[in-house]
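When reading the values below, keep in mind they use all heavy atoms of this one structure, side chains included, and skip hydrogens, waters and symmetry mates. Nothing fancy with the numbering, it's 1 onward along the sequence.
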Amino acid sequence: MSLSRRAWLLGVALSMAGLAPAQAAEDEAAAKPPASQCPYGEGRQLGGHTFQTPTLADFALPIGYLGLRAGGDVERVPDLPFGILGKLTLHSAQLAESVDLSVRVHDRVAIFGSLAGLGSTGLSVRDIAIRGTNVSWGGGVGALVKLLELQGTVLSVRGALGGSSGVLANLLALIDALASAPRSTLEELLAGNLGELLLTPFSRFNYGASVALAQALGSSFSLQASLGVNGDSLSLDLFDLGPSARRQTHITTIAVPLALALTADLKPSIRVPIAVMLEYQINPRHISNDNTGEANWRSRNTAALGLYFSGRRDVQAGVSAFALVDSDPIQGRAVGGGSAPSGTPQSYGGQIILRTFW
């Protein structure tokens, strides 16, 4: 064999050796599913639609995930009667952060839990004096059972319970104590019970159950809904200056929330990986206060708008804005004693949501 032919054969062999790894890499990349079709998060899909977890409605699909939510809101209470000071407008702000975990233990069953921290304060000296500042921390656990699954439809039941504790700092208790016990001088309070009056420990126990629906309306649209019954018991350890001891008072709330969430995913139609979710919640509540003896029904209706990345079914990332649409007045203090209603409270806020599904 001539020298030139040997060189030609050697060149061909080296070229084939170089192409083999590149071709293998291309074959492997072609065989690998795209990120949007990875095996994780498959439980979020129903009827060709990828569901987003709502802010106001309960989620109906049993799936595993780990999530983080962080957000806040601002509340305004206009025309709150406050004795001889007349009608006041108060503002407060709240910040909250939570970690959520769900584990799918069966095709039809998931257990879930969360840990959360919350802080709230008035936005001025007067707001802090009247409404106070508080911090709380707690968590909860629950379970979801899928009752029915048809083509594009899932119906589930959920149950949960939880608890939290915290501390409320409020100058109003000190003002009331000085007014009701004029013999107690400021020096005596500073020497003994000032801290007890300013700081009020509290604890909360909550529970609830709901029926949740997820309905796919083609690959681009979906409807989610939930109807629940929730209970909440708030215990306040108020300090009584007379016997110099704390007494416990309870505020009990029973709520029947109804929530709807409509989602439009732009990815299937125009290839834009954005999902838009519109939510609305009607939440009638019965509140009883054993300290004042008052018990009545109140309403609180909330709307929310969310924008979420829909390019991957194993990831949820987005923002949600919400606003209080309608709420009953808050009871203030009339000049001659007793209670008197405020104007309609207003509240608005938002949160960031990050979740990974498996």
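Leu148 places none of its side-chain heavy atoms less than 4.5 Å from the side chain of Lys146. No side-chain heavy atom of Arg285 sits under 4.5 Å from any side-chain heavy atom of Ser299. Contact check for Leu354 versus Gln316: no side-chain heavy atoms found under the 4.5 Å cut-off.
Applying the salt bridge (Lys or Arg N to Asp or Glu O under 4.0 Å) criterion to Arg104, with sequence neighbours excluded, gives Asp107. Taking Arg355 as the reference, Asp100 meet the salt bridge (Lys or Arg N to Asp or Glu O under 4.0 Å) condition, with sequence neighbours excluded. The salt bridge (Lys or Arg N to Asp or Glu O under 4.0 Å) test applied to Arg246 returns Glu196, not counting sequence neighbours. Under the rule for a side-chain hydrogen bond (donor to acceptor under 3.5 Å, both in side chains), Ser233 has no partner lying at least two apart in sequence or in another chain. Here Tyr280 pairs with nothing under the ring pair (Phe, Tyr, Trp, His ring centres under 6.0 Å) rule; sequence neighbours left out. Under the rule for a ring pair (Phe, Tyr, Trp, His ring centres under 6.0 Å), Phe221 has no partner lying at least two apart in sequence or in another chain.
Separation of atoms CG (Leu324) and OG1 (Thr344) is listed at 9.0 Å; rounding is to 0.5 Å. Rounded to the nearest 0.5 Å, atoms CG (Leu223) and CG (Leu213) are 6.5 Å apart.
Here Asp265 does not pair with Lys267 in a salt bridge; the nearest charged N to carboxylate O distance is not below 4.0 Å.
A donor atom on one side chain and an acceptor atom on the other are found under 3.5 Å apart for Arg44 and Gln52. Side-chain atoms of Thr121 and Thr133 include a donor-acceptor pair closer than 3.5 Å. Under the 3.5 Å distance criterion, with hydrogens and angles disregarded, no donor-acceptor pair is assigned to the side chains of Ser222 and Gln215. In this structure, a donor-acceptor pair under 3.5 Å is present between the side chains of Gln248 and Asp237. A donor-acceptor contact closer than 3.5 angstrom links the side chains of Thr55 and Ser320.
The list of salt bridge (charged side-chain N to carboxylate O under 4.0 Å, His left out) pairs with a residue in residues 223-234, not counting sequence neighbours, reads Arg204-Asp232. Identified under the salt bridge (charged side-chain N to carboxylate O under 4.0 Å, His left out) test for residues 71-96, with sequence neighbours left out: Glu75-Arg131. Judged as a salt bridge (charged side-chain N to carboxylate O under 4.0 Å, His left out), not a single pair has a partner in residues 151-172 (not counting sequence neighbours).
Through chains of ILVMFWY side-chain contacts below 4.5 Å, Leu168 is grouped with Phe202, Leu234, Leu236, Leu238, Ile251, Ile287. Connectivity analysis of hydrophobic side chains (ILVMFWY, heavy atoms under 4.5 Å, direct or indirect) links Leu61 to Leu46, Phe51, Phe59, Ile63, Tyr65, Val154, Phe357. Clustering of Ile, Leu, Val, Met, Phe, Trp and Tyr side chains at separations under 4.5 Å places Trp137 together with Val135.
Considering every non-hydrogen atom in both Ile330 and Pro345, the closest pair reads CG1-CG, 4.1 Å. Here the closest heavy-atom approach between residue Thr89 and residue Pro78 is recorded as OG1-CA, 3.8 Å. Minimum heavy-atom separation, Pro268 to Ser219: CG-O, 3.5 Å. Nearest heavy atoms, Asn170 versus Ala129: OD1-O, 2.9 Å.
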